[in-house]
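Residue numbering restarts at 1 for every chain, and letters A, B, ... go by the order of the sequence lines. In this text, all values refer to a predicted model and were calculated from it rather than measured experimentally.
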There are 2 protein chains.
Amino acid sequence: MALDIVEFSKQVGVSTATVSRAFSGRGRISDKTRERILEEARRVGFTPNVHASRLNLKRTSQIGLFYSFSEEPIFDYYNMELAQEIAKAAEKRGQALHLELSRSGKSNEDRLRQLTHGAALDGIIVVVDGRASGARLLESIRGCPAVVVTSKPWSPVGKEIVVELDVFTGMAEAVRDLASQGHERIGFIDTAANGGKSAGFSRIMREVGLRVDPKIIIEGSISFADGQKAFHQLAPQQPSAILCATDILAMGALNEASGMGLRVPQDISLVGMDDLAFAAYTTPSLSTVGIPRSQIAKTAIDSILSQLDDEESEKPRASARHVIGSYYVPRSSIGPRS
Amino acid sequence: MALDIVEFSKQVGVSTATVSRAFSGRGRISDKTRERILEEARRVGFTPNVHASRLNLKRTSQIGLFYSFSEEPIFDYYNMELAQEIAKAAEKRGQALHLELSRSGKSNEDRLRQLTHGAALDGIIVVVDGRASGARLLESIRGCPAVVVTSKPWSPVGKEIVVELDVFTGMAEAVRDLASQGHERIGFIDTAANGGKSAGFSRIMREVGLRVDPKIIIEGSISFADGQKAFHQLAPQQPSAILCATDILAMGALNEASGMGLRVPQDISLVGMDDLAFAAYTTPSLSTVGIPRSQIAKTAIDSILSQLDDEESEKPRASARHVIGSYYVPRSSIGPRS
DNA sequence: AGAAAATGCGTAAACGCTTACACAAAAATC
DNA sequence: GATTTTTGTGTAAGCGTTTACGCATTTTCT
């Protein structure tokens with residue numbers, strides 16, 4: 001605190017410029033001087049003030065992560081696992097993660113504006129669950145490199161990069177696997193989040209050549225308890241397999257199956273989605289649709305950094321769209337039709 | 001970018017001081033002027049640069065969160081849930097979370113020094129799993145307000161505040177509950193993390209008046225698979241109940257029980273620890289030891305903020321220790337001894 | 001050996017805000 | 001109504017770095 005660069009440089013007997021060069025690695029400086037300075041800094045405990053530095057450089061090495069949801073803030077396991085991957089990817093590229101949990105109301109946008117316009121962030125990753133909330137948020141960003149992570153189709157609002165997850169590639173694999181094991185009557189427990197996935201499910205069923213029975217499609221659930229309830233409703237309709245739009249719903253279903261005295265997978269097959277770490281830990285372990293989280297994370301971070309580079313070399317910015325597929329993870333919650 | 005405070009203040013027809021006052025809320029300014037300035041700022045899109053501001057204020061409104069582990073970096077569900085609570089608590093107090101995943105080697109300490117000495121952080125929360133790694137890390141912090149979060153006894157290295165979780169209060173409740181349901185022969189699957197909990201387990205057993213049989217205590221496991229393996233080893237010794245040092249281990253045990261044809265809780269009772277969100281979602285749902293995560297988080301954040309206040313009012317800093325107890329969460333994985 | 005190029009370092013002007021201090025105008029006091 | 005107090009605003013000196021530019025000194029080239 002007491003020790004600033006001018007004090008310190010005097011102690012070492014060089015100019016502030018030289019000290020700055022020693023720390024930044026930029027500019028011309030002899031190896032000998034650099035080492036002497038760094039050594040001395042360690043000895044007396046001098047560390048350059050990051051704010052002064054950032055004020056000059058206009059770089060912060062911080063990337064923001066925003067979760068923007070139309071409904072109440074959801075920071076669930078799914079998002080936590082994603083956040084973790086993003087943090088890892090950021091770190092690998094020398095960036096720190098600035099995690100911002102979405103707050104209620106429109107203060108969200110104000111906050112985002114403050115951070116991006118105020119130059120606190122080098123870039124921003126926004127995870128959205130739907131058009132409405134996301135688009136509004138994006139507008140408050142303007143010049144700052146941004147990427148939108150979504151699992152719904154998203155066409156750019158501005159110059160943002162979009163990283164889009166296609167949950168249906170993995171779902172299709174799952175349905176095909178079920179079909180190959182003799183299942184024809186496949187039910188679906190949909191999620192309320194993100195606009196639901198049942199339209200995609202129906203499309204896939206048709207593509208695979210299976211009949212879609214709306215009676216065994218349940219719309220809009222969220223929680224473990226919803227999964228239980230939905231399964232309870234569905235079971236009397238005698239599907240031989242049920243797909244669930246999230247792993248949590250599948251766990252609820254699994255639980256209710258056991259409560260109703262049905263064995264999984266002997267009596268009924270169950271598939272989740274998201275491949276949360278816990279999906280492998282249920283009994284029986286849950287077949288699910290895996291999400292290449294680390295790839296999503298890496299793509300997002302890399303996109304920001306390359307936008308930053310382009311900015312530096314004055315290249316024009318353009319929006320781009322990366323679509324990343326999901327994949328099927330077979331485990332023991334499915335089996336041949338009984 | 002193009003618009004700085006002096007440009008902007010000219011446009012509005014006031015001085016930079018007045019603009020600064022309008023944004024910061026500090027200093028004397030008439031309501032009318034403030035509103036006019038804020039309104040105009042919104043119109044033309046002016047946001048104060050945070051770095052310039054922080055350079056002056058020496059406050060960043062950012063709190064760092066470090067995980068320091070002696071072994072390989074573990075950022076598991078347990079830590080994720082804790083991190084989430086800390087992020088929430090920080091946000092509630094107007095602080096942003098700077099999440100730093102621990103990296104390999106000693107670059108960790110360098111990084112920490114850089115952030116704290118470089119004034120990038122208002123305070124730092126270090127989650128440690130043992131004395132050795134933590135103490136070394138703490139030494140690199142010096143003046144910056146720090147709190148250590150731990151589940152092992154920790155005596156201060158410097159002026160840090162320690163928030164200590166006592167996992168044994170909840171464990172004792174669990175053992176007492178088991179005892180009251182007729183269980184006497186209680187096994188224990190210990191964790192390898194954090195130095196283990198079996199000593200505490202034995203103490204509790206003795207306090208409750210139950211015999212400790214070392215043959216049904218298994219030391220040092222980590223993963224789901226370890227839980228399975230440990231249960232497999234333990235079952236032939238016929239304990240009527242098993243405590244597991246983490247929920248993950250308990251899930252492994254639950255799974256293996258089912259694999260061996262044992263019913264939980266009819267044939268054997270099972271208790272986990274940590275109360276991860278998922279513990280409620282197993283079949284049967286897992287009795288466990290709950291951790292007041294939000295209280296830990298709040299205590300940690302509040303400690304930092306109060307250290308900051310004390311610093312401002314020149315009060316002397318002193319170390320302090322908050323011990324927070326855990327509690328028993330009974331669910332359906334336990335029942336009377338058969 | 002002399003000219004040209006490269007290297008190492010210092011000086012000083014930014015970077016964009018905050019705030020102590022000064023001062024005029026308005027409000028409160030007697 | 002004169003004096004004191006309070007309020008609102010401006011001036012300008014920081015905050016602690018970075019880096020363009022300039023000048024020696026050293027190295028390279030012919």
Side-chain angles (χ1 to χ4, degrees), chain A residues 1-38 40-41 44-62 114-122 143 312, chain B residues 1-38 40-41 44-61 114-122 143-144 312:
Chain A
M1 325 278 152
L3 199 56
D4 66 355
I5 202 178
V6 3
E7 247 333 284
F8 174 69
S9 60
K10 265 182 214 147
Q11 282 182 27
V12 186
V14 296
S15 72
T16 63
T18 308
V19 172
S20 176
R21 286 191 273 252
F23 274 96
S24 72
R26 266 163 279 133
R28 294 200 286 249
I29 185 175
S30 75
D31 290 355
K32 209 170 48 166
T33 323
R34 181 177 347 94
E35 245 126 71
R36 185 161 59 90
I37 292 174
L38 260 26
E40 187 70 1
V44 304
F46 167 73
T47 314
N49 180 298
V50 296
H51 304 305
S53 157
R54 288 172 182 173
L55 177 56
N56 271 284
L57 296 177
K58 290 142 191 238
R59 279 294 173 86
T60 65
S61 298
Q62 294 202 169
Q114 196 184 63
L115 288 172
T116 56
H117 294 200
L121 260 27
D122 280 359
E312 205 144 81
Chain B
M1 329 270 149
L3 198 57
D4 66 354
I5 201 177
V6 1
E7 244 337 280
F8 173 69
S9 59
K10 267 182 211 147
Q11 283 182 26
V12 186
V14 295
S15 72
T16 63
T18 307
V19 172
S20 177
R21 286 192 273 255
F23 275 95
S24 71
R26 264 164 280 131
R28 294 201 285 250
I29 186 174
S30 76
D31 290 355
K32 209 171 49 172
T33 323
R34 181 176 349 93
E35 245 127 71
R36 184 161 58 91
I37 291 175
L38 260 25
E40 187 70 3
V44 304
F46 167 74
T47 314
N49 179 298
V50 296
H51 303 305
S53 156
R54 288 172 183 173
L55 178 56
N56 272 285
L57 296 176
K58 290 143 192 236
R59 280 294 175 87
T60 64
S61 297
Q114 194 184 60
L115 289 172
T116 55
H117 295 197
L121 259 27
D122 279 0
C144 182
E312 206 144 82

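If you check distances only, the side chain of R21(A) does reach the base of dG10(C) with a donor-acceptor pair under 3.5 Å.
Rounded to an integer number of Å, the gap from L55(A) CG to dG16(D) C1' is 9 Å. Nucleotide dT7(D) holds its P atom 14 Å from the CZ atom of R34(B), rounded to whole Å. As rounded to whole Å, 9 Å separates atom C1' of dG16(C) from atom CG of N56(B). The interatomic distance linking N49(B) (CG) with dC15(D) (P) rounds to 18 Å, in whole Å. Rounded to whole Å, atom C1' of dG14(D) lies 13 Å from atom CG of L57(B). Between the CZ atom of R28(A) and the P atom of dT18(D) there is a distance of 18 Å, given to the nearest Å. The CZ atom of R59(A) sits 17 Å away from the C1' atom of dT17(D) (whole-angstrom rounding). Atom NZ in K58(A) sits roughly 18 Å away from atom P in dT17(D) (whole-Å rounding).
Looking at heavy-atom distances under 4.0 Å, I5(A) makes contact with a base. Residue contacts for F8(A): at a heavy-atom cut-off of 4.0 Å it reaches no nucleic acid atom on any strand shown. At the heavy-atom level, V14(A) lies under 4.0 Å from the strands shown only through sugar-phosphate atoms. Within 4.0 Å (heavy atoms only), R26(A) reaches sugar-phosphate atoms of the nucleic acid but no base atom.
For the OP1/OP2 pair of dG8(C) and a distance below 4.0 Å, the side-chain nitrogens and oxygens of K32(A) include no atom meeting the criterion. S30(A) has a side-chain polar atom (N or O) that falls below the 4.0 Å cut-off from OP1 or OP2 of dC9(C). The phosphate of dT9(D) has OP1 or OP2 within less than 4.0 Å of a side-chain N or O from T33(B). Not one side-chain nitrogen or oxygen of S53(A) sits closer than 4.0 Å to the OP1 or OP2 atom of dT17(D). When the side-chain nitrogen and oxygen atoms of T18(B) are compared with OP1 and OP2 of dT9(D), none of them lie within a distance under 4.0 Å.
In this structure, V44(B) and E7(B) have side chains that are not in contact, with every pair of non-hydrogen atoms separated by 4.5 Å or more. Two residues are said to be in side-chain contact when any heavy atoms from C-beta on lie closer than 4.5 Å; T18(A) and R21(A) meet this criterion.
Checking T16(B) against D31(B), the closest nucleotide of DNA chain D that is more toward the 5' end is the one next to D31(B).
Listed nucleotides dT19(D), dG16(D), dT11(C) differ in distance to A52(A); the shortest reach to its side chain belongs to dG16(D). Which of dT17(D), dT19(C), dG10(C) sits closest to the side chain of P48(A) comes down to dT17(D).
D31(A) CG to R34(A) CZ: the interatomic distance, rounded to the nearest 0.5 Å, is 5.0 Å. Atom CG of N49(B) is separated from atom CZ of R54(A) by 11.5 Å, given to the nearest 0.5 angstrom.
Taking the six-membered ring where the residue is Trp, F46(A) and F23(A) present perpendicular rings, their angle passing 60° and hence far from 30°.
The nearest pair of heavy atoms linking S9(B) to V19(B) is CB-CG2, 3.6 Å.
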